[in-house]
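What you see below is based on every heavy atom in this structure, not just the backbone, and it leaves out hydrogens, waters and symmetry mates. When a ligand or atom number is given, it counts from 1 through the structure's own listing order. Just so you know, these numbers come straight off a predicted model, no measurement behind them.
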Amino acid sequence: MTSPDHFTPETLDEVRADVFARLARAVKDRRSPMHTPVIATRGIDGAIKARVVVLRAFDAEAVALRFHTDLRAKKIAELNADPHIAFAFYDHQARIQIRAEGTASVHSDDALEEMAWNASLRMSRVCYGVKPAPGAPLDGADDFTLPDDDAAIAAGRAHFSAVLCRIEALEYLFLRHAGHRRSRFTRKADGWSGQWLAP
Ligand SMILES: Cc1cc2nc3c(=O)[nH]c(=O)nc-3n(C[C@H](O)[C@H](O)[C@H](O)COP(=O)(O)O)c2cc1C
């Protein structure tokens, strides 16, 4: 295993800055492997559910991550019942994993939802008009419809939501030939507290 060719943060402050920079880049760079993290929630049946979403925003000041989803999706009912959420990101070239834990709030009828809907592309908006609802059983593989005109796409907005996740803890794992590096950061009243961990 060769070491990836990038800057190695040496202090906890440098690691945290690197984590923030990677999350910010992951939003903008659609080809970044960190653009599509796995999120995990507690299912209504109590079992943990995991799935991929597109990372839509990282607010470095509030330390919050945002993704968009259909209000009819299972994850919405799950987050309404238990807002705890976890993210896992992995950049296989950099050999860096970032984990994030926090609590989610669902925005479906406010300024955040409006900003997010206005910024989303037509090809993304179409999905919110799918009939029947996401996850509904179908008789055949293609027995669903998507809206095809502007009015129908606009009507799908009723199902659109922006999920804002306030992050309480972050974990960084860098797989290195010279020795792995692992650290964890937790939110405190006056900022973030970091700790090196055995990998
Ligand atoms: C690359 C990729 C990106 C995805 N992005 C999203 C997304 O941003 N929001 C979303 O709700 N589902 C997204 N999905 C679909 C989810 O992984 C999942 O199948 C769907 O949301 C239903 O999940 P649920 O029933 O647990 O709510 C994406 C799937 C893939 C493979």
Worksheet item: Which is closest to atom 8 (O) of ligand 1 by heavy-atom distance: V54, T36, L55?
Response: V54
Discussion item. Looking at atom 19 (O) of ligand 1, tell me if a protein heavy atom falls under 4.0 Å from it.
Written reply: no
Worksheet item: Just wondering, do P9 and T11 contact through their side chains at under 4.5 Å, heavy atoms?
Response: no
Practice prompt. Could you check if a side-chain atom of H107 sits within less than 4.5 angstrom of a side-chain atom of D110, using non-hydrogen atoms only?
Written response: yes
Tell me, which protein residue and heavy-atom name are nearest [atom], and how many Å apart are they?
| atom | value |
| --- | --- |
| atom 25 (O) of ligand 1 | K74 CB, 3.6 Å |
| atom 6 (C) of ligand 1 | V53 CA, 3.5 Å |
| atom 21 (O) of ligand 1 | K75 NZ, 2.6 Å |

Worksheet entry | Pairing residues for R66 by the salt bridge (Lys or Arg N to Asp or Glu O under 4.0 Å) criterion, not counting sequence neighbours | none
Worksheet item: Under 3.5 Å, is there a donor-acceptor pair between the R22 and S32 side chains?
Response: no
Would you say [X] has any N or O atom under 3.5 Å from an N or O of ligand 1, going by distance alone?
| X | value |
| --- | --- |
| R51 | yes |
| V52 | yes |
| T69 | yes |
| H68 | yes |

Discussion item. Could you check whether F160 and H68 have their ring centres less than 6.0 Å apart?
Written reply: yes
Worksheet item: Looking at Y172 versus F185, is the centre-to-centre ring distance below 6.0 Å?
Response: no
Worksheet item: Ignoring hydrogens and geometry, is there a side-chain-to-backbone donor-acceptor pair from H35 to A26 under 3.5 Å?
Response: yes
Item to complete: Could you tell me whether K49 approaches ligand 1 through its side chain, its backbone, both or neither, with non-hydrogen atoms closer than 4.0 Å?
Response: neither
